[in-house]
Amino acid sequence: MQRSIIYTSLRNLLKDNIKWIFNLDIEEVTINKQISLPPKPEMGDMAFSCFLLARELKKSPQMIANELSMKMIFSEDDIFKKVEQTGPYLNFFLNEKNLSKAVLICSKKGSLTKPFEKKQDKIMVEFSQPNTHKGIHIGHIRNMAVGDSLIRILRHTGYETISANYLGDSGAHIAACLWHYEKSKMENTNNSEKGEWLGIVYTEAKKYLEENPTEKNNVSKVQKLLENKDPYWICLWNETREWSIEYFKSIYKWLDIHFDVWFYESEEEEPGKVIVEEFLNKRIFKYSDGAVICELEDLPLAIVLKSDGTTLYSTKDLALAKRKFEEFHIDRSIYVVGDAQSLHFKQIFSILKKMGFKQADKCYHLAYGMVSLPEGKMSSRTGNVVLFSDLKKSMNEYIYESYLDSKKDWSDEKKKVTSRKIIVAAIKFGMLDQDVKKNIEFRMEDWLSFEGDTGPYILYAFARIQSILRKSEKSGMEIEPDFDNSHLLTMSEEKYVIMDIQEFPDIIEHVANDYCIDELCKYLLKLSKDFSKFYHNCSVLKADRGLAAARLQLIKAVSEILKTGLNLLGIDPPEEM
RNA sequence: GCGCCUGUAGCUCAGCUGGAUAGAGCAACGGACUUCUAAUCCGUAGGUCAUUGGUUCGAAUCCAAUCAGGCGUGCCA
């Protein structure tokens with residue numbers, strides 16, 4: 001339930017008055033359900049509908065609204081000052097002076113942006129999971145953006161968190177890549193990063209195999225050699241695997257994404273086989289057509305070991321889940337994985353439960369929709385991809401051409417740093433501002449045009465605030481800590497900003513509970529838009545001294561919230577743009 | 001065949017635990033730069049909420065069916 005100043009005050013006001021006028025005790029959650037915003041701002045600041053009360057009191061909602069509006073009493077220091085009835089609705093008007101004061105006191109104490117109280121639960125979020133020997137493309141970035149942001153949000157809301165990566169460093173795709181690498185003697189002519197180049201080798205291998213299907217036998221041979229730990233191929237595997245890992249690490253660093261633990265598929269194969277053996281003995285698993293399966297109540301049966309005795313994705317996921325529970329003692333386990341694997345995870349969680357892990361109930365598959373290109377589905381097999389490095393390059397060029405080149409007084413280093421921050425913001429915000437479960441289509445032009453509902457828009461609002469703050473400091477207009485003028489903030493532009501900022505903790509709480517990161521994005525956009533309107537209509541530096549001080553406090557609060565909110569999305573805003 | 005997800009303005013999407021006249025951004029058109037940074041702001045225009053039926057005082061929202069798209073559906077991940 002919302003704990004913000006406005007919601008709490010309105011709930012209390014309604015509860016007290018309903019008790020007093022109708023002698024009815026009504027639960028806070030019931031009141032909460034009926035609180036909304038009026039359709040138009042001039043109708044009021046907050047609304048309450050009387051439909052549920054009508055049921056309780058056996059009167060028409062209109063009559064109840066009318067009676068409440070006539071008899072309701074507001075105290076001098078309440079943040080609401082009056083109410084108007086419109087049909088079954090009550091529209092409340094805020095007392096701007098009291099509201100501003102109350103909200104800015106909170107902001108000054110830092111209570112709007114500080115991390116929440118520590119919680120008991122330990123949560124692991126597994127994300128990214130790239131395959132070695134393949135390239136990183138924009139589809140992978142959505143996963144990274146979601147997982148990283150979720151970790152940051154959960155940490156902020158007080159959970160102990162572990163961010164986990166899980167590398168696909170075994171399997172057929174590697175055999176194909178290494179086989180082709182050996183056979184074709186391909187050279188890294190572009191001198192691109194070795195790890196990325198491996199991805200190109202892999203794509204070439206797949207193309208070649210499409211045209212020469214008979215060669216697939218040779219790939220299988222390599223795979224067998226790898227599984228049998230043939231020294232030559234293992235050596236090559238080790239070396240190239242390192243290239244991929246270095247490549248991934250450079251991307252994570254650039255995107256400011258961190259992992260607390262790294263898991264590897266190659267390390268879960270043997271433990272996986274042990275688990276299969278154990279639960280065959282316990283009769284939880286059984287043989288079927290030579291493979292090992294687990295039958296489930298409401299789901300299709302799952303195969304947990306292939307008939308040739310080799311492991312599957314599921315084998316390794318079971319082993320890893322066990323490790324997560326037993327070695328890391330986690331209470332909740334979140335898997336950020338594409339929605340194509342929904343059934344797989346339903347099965348895994350169900351099997352874990354059969355295996356006796358109580359934590360299975362606290363496993364959650366955060367399924368995200370795929371990123372596609374206007375030309376169709378992306379695939380590293382067919383090479384229909386936008387590699388991350390290319391994306392980075394073209395965005396960088398765009399930013400320089402359209403804007404940074406004109407900053408004659410900026411150093412090259414400053415331009416470089418700023419460009420990176422803007423690109424990160426554009427990419428991550430683009431990935432996060434839509435419902436995570438929906439497929440998104442990546443259009444280069446839209447991402448490169450930094451207009452409208454984008455990360456850079458928010459960055460720009462933040463940068464403008466920093467500019468005002470810098471100028472105010474220079475001119476000696478520093479905020480005196482004990483001096484409070486917030487009651488002077490009564491203009492509608494100021495009120496909307498105030499209303500936004502007091503809502504921030506509620507937003508975070510909601511986002512952390514429902515994993516709806518897009519709502520944080522939408523909130524930050526709204527705050528930025530409301531700030532921009534304020535910026536155009538209410539000058540800070542040209543205002544009278546007292547008002548200027550109050551407005552400085554206000555924009556400082558906005559700035560802190562923007563920064564905190566952006567950081568929760570994995571975005572670090574530049575001080576200047 | 002069955003299961004899950006999606007369908008809202010020309011485009012990209014909000015709104016979906018039922019409530020007031022369905023909202024943003026882009027694109028289009030018109031306006032605001034001797035500025036606290038115009039990557040901004042203001043305004044105009046744009047809708048059979050896929051279709052049909054049901055529940056309800058009230059449905060974009062809930063239910064059913066249909067249509068369209070995506071994904072999955074015993075040895076890929």
Side-chain angles (χ1 to χ4, degrees), chain A residues 33-34 36-40 43 47 49-52 54 60-61 86-89 91 129 131 168 170-173 265 288-295 298-317 337-344 346-347 367 369-370 372 377 381 399 402-403 407 422 430 433-435 437-441 443 445-446 449-454 456-461 463-472 475 518-519 521-522 525-526 528-529 531-543 548 551-552 555 576-577:
Chain A
K33 273 186 179 173
Q34 302 293 298
S36 61
L37 291 177
K40 282 184 174 182
M43 294 171 75
S49 61
C50 299
F51 299 106
L52 286 183
S60 81
T86 313
Y89 290 92
N91 291 320
Q129 310 110 328
N131 282 327
S170 73
H173 72 279
E265 266 190 50
S288 169
D289 295 337
V292 181
I293 61 158
C294 181
E295 284 180 330
D298 303 320
L299 294 167
L301 63 83
I303 300 178
V304 294
L305 196 69
K306 290 199 272 188
S307 48
D308 64 359
T310 58
T311 60
L312 281 159
Y313 189 39
S314 55
T315 327
K316 292 173 269 193
D317 256 333
V337 180
D339 59 7
Q341 291 176 50
S342 292
L343 177 59
H344 166 76
K346 276 184 200 160
Q347 291 174 323
M370 289 295 131
S372 63
K377 199 188 165 184
R381 279 186 295 109
I399 289 171
S402 65
Y403 151 75
K407 296 267 182 192
I422 295 172
D433 83 328
Q434 285 184 42
D435 186 344
K437 68 171 176 282
K438 287 192 178 178
N439 290 346
I440 57 177
E441 191 172 284
R443 289 160 190 254
E445 319 85 66
D446 289 356
S449 128
F450 300 132
E451 282 177 1
D453 287 353
T454 64
Y457 176 89
I458 300 170
L459 258 40
Y460 186 58
R464 295 217 279 198
I465 296 177
Q466 302 320 304
S467 176
I468 298 174
L469 292 176
R470 277 192 302 272
K471 285 190 178 168
S472 74
S475 61
D518 57 313
E519 300 211 15
C521 294
K522 274 153 201 140
L525 268 178
K526 179 164 192 305
S528 301
K529 283 183 192 177
F531 164 76
S532 291
K533 283 177 195 169
F534 161 84
Y535 181 91
H536 273 266
N537 292 305
C538 311
S539 178
V540 176
L541 299 178
K542 285 179 190 158
R551 285 179 174 168
L552 273 176
I555 65 168
E576 265 183 89
M577 273 177 84

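Every chain is numbered from 1 and lettered A, B, ... according to where its sequence line falls, protein lines coming before strand lines.
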>> Counting neighbours of NZ on K407(A) that are heavy atoms of other residues, nucleotides or ligands and sit closer than 6.0 Å, is the number greater than 12?
In response: yes

> At under 4.0 Å, does any side-chain N or O of K526(A) touch on OP1 or OP2 of rA14(B)?
Replying inline: no

> To the nearest angstrom, how far is H536(A) atom NE2 from rG43(B) atom C1'?
Replying inline: 14 Å

> With a 4.0 Å cut-off on heavy atoms, is A47(A) in touch with a base, just the backbone sugar-phosphate, or nothing at all?
Replying inline: base

>> Between the base of rC41(B) and the side chain of S532(A), is there a donor and acceptor pair under 3.5 angstrom?
In response: no

>> OP1 or OP2 of rU37(B) versus the side-chain N and O atoms of S467(A): is any pair under 4.0 Å?
In response: yes

>> If I pick the P atom on rC11(B) and the same atom on rC67(B), what distance separates them, to the nearest angstrom?
In response: 24 Å

> Given side chains that start at C-beta, do those of I303(A) and Q347(A) come closer than 4.5 Å, heavy atoms only?
Replying inline: no

> Within the pair K529(A) and rA24(B), is there a side-chain N or O less than 4.0 Å away from OP1 or OP2?
Replying inline: no

> Below 4.0 angstrom from OP1 or OP2 of rU37(B), is there any side-chain N or O of K471(A)?
Replying inline: yes

> rA14(B) phosphate, OP1 or OP2: any side-chain N/O from K438(A) under 4.0 angstrom?
Replying inline: yes

> Between rU61(B) and rA22(B), how far is it from one C1' atom to the other, in whole Å?
Replying inline: 11 Å

> Nearest to the side chain of K316(A), which nucleotide is it out of rA77(B), rC5(B), rA14(B)?
Replying inline: rA77(B)

> On a whole-Å scale, what distance lies between the C1' atoms belonging to rU55(B) and rC41(B)?
Replying inline: 46 Å

>> Would you measure the distance from the P atom in rG1(B) across to the matching atom in rC76(B) and give it in whole Å?
In response: 26 Å

> Counting any heavy atom closer than 4.0 Å, what does E441(A) reach on the DNA or RNA strands: base, sugar-phosphate only, or nothing?
Replying inline: nothing

>> By the 4.0 Å heavy-atom rule, please label C538(A) as base, sugar-phosphate, or nothing.
In response: base

>> Heavy atoms only, 4.0 Å cut-off, all strands: where does P88(A) land among base, sugar-phosphate and nothing?
In response: nothing

>> What's L343(A) touching, base or sugar-phosphate or nothing? Going by heavy atoms closer than 4.0 Å.
In response: sugar-phosphate

> Under 4.0 Å: is that the gap between some side-chain N or O of Y457(A) and OP1 or OP2 of rC41(B)?
Replying inline: yes

> What does L301(A) touch in the nucleic acid at a heavy-atom separation under 4.0 angstrom: a base, only the sugar-phosphate, or nothing?
Replying inline: base

> What does A291(A) touch in the nucleic acid at a heavy-atom separation under 4.0 angstrom: a base, only the sugar-phosphate, or nothing?
Replying inline: base

> Rounded to the nearest Å, what distance is computed from the CD atom of residue E451(A) to the C1' atom of nucleotide rG25(B)?
Replying inline: 10 Å

> What's the spacing between T86(A) OG1 and M43(A) CE if we round to 0.5 Å?
Replying inline: 5.0 Å

>> What's A463(A) touching, base or sugar-phosphate or nothing? Going by heavy atoms closer than 4.0 Å.
In response: base

> Could one point to a donor on the side chain of T454(A) or the base of rG25(B) with an acceptor on the other under 3.5 Å away?
Replying inline: no

>> Mind checking if P456(A) touches a base, just sugar-phosphate, or nothing, with heavy atoms under 4.0 Å?
In response: nothing

> About how many Å separate CD of Q34(A) and CG of L52(A), when rounded to the nearest 0.5 Å?
Replying inline: 3.5 Å

> N91(A) near the nucleic acid: base, sugar-phosphate alone, or nothing, with a heavy-atom cut-off under 4.0 Å?
Replying inline: base

>> What is the distance, to the nearest angstrom, from the NZ atom on K346(A) to the P atom on rG72(B)?
In response: 14 Å

>> I need the CZ-C1' distance between F51(A) and rA59(B), as an integer number of Å.
In response: 13 Å

> Looking at NZ of K316(A) and OG of S170(A), how far apart are the two atoms once the value is rounded to the nearest 0.5 Å?
Replying inline: 3.5 Å

> Looking only at atom C1', what distance separates rA27(B) and rG46(B), rounded to whole Å?
Replying inline: 11 Å

>> Using a strict threshold of under 4.0 Å (side-chain N to carboxylate O), is an ion pair present between K437(A) and D518(A)?
In response: no

>> Output the rounded distance in Å from CG (D453(A)) to C1' (rA24(B)).
In response: 6 Å

> With sugar-phosphate meaning primed atoms plus P, OP1 and OP2, does Q34(A) contact a base, only sugar-phosphate, or nothing at under 4.0 Å between heavy atoms?
Replying inline: nothing

>> Work out how far the C1' atom of rG31(B) is from that of rC16(B), and round it to whole angstrom.
In response: 37 Å

> How would you label the contact of D289(A) with the nucleic acid (heavy atoms, under 4.0 Å): base, sugar-phosphate, or nothing?
Replying inline: base

> How close or far is atom P of rC13(B) from atom CD of E519(A), stated in whole angstroms?
Replying inline: 17 Å

> Whole-Å distance between rA20(B) P and K40(A) NZ?
Replying inline: 14 Å

> Should Y457(A) and S532(A) count as side-chain neighbours, where that means a heavy-atom distance under 4.5 Å?
Replying inline: yes

>> Roughly how many Å apart are rU51(B) and rU8(B), using the P atom of each and rounding to a whole number?
In response: 10 Å

> Counting any heavy atom closer than 4.0 Å, what does S307(A) reach on the DNA or RNA strands: base, sugar-phosphate only, or nothing?
Replying inline: base

> Contact class for S288(A) (heavy atom, under 4.0 Å): base, sugar-phosphate, or nothing?
Replying inline: base

>> If I take atom CE in residue M370(A) and atom C1' in nucleotide rG72(B), what distance separates them, rounded to the nearest angstrom?
In response: 12 Å

>> Taking donor-acceptor contacts at under 3.5 Å, does the side chain of D433(A) reach the base of rA14(B)?
In response: no

> If we take the P atom in both rG72(B) and rG10(B), what is their distance in whole Å?
Replying inline: 32 Å

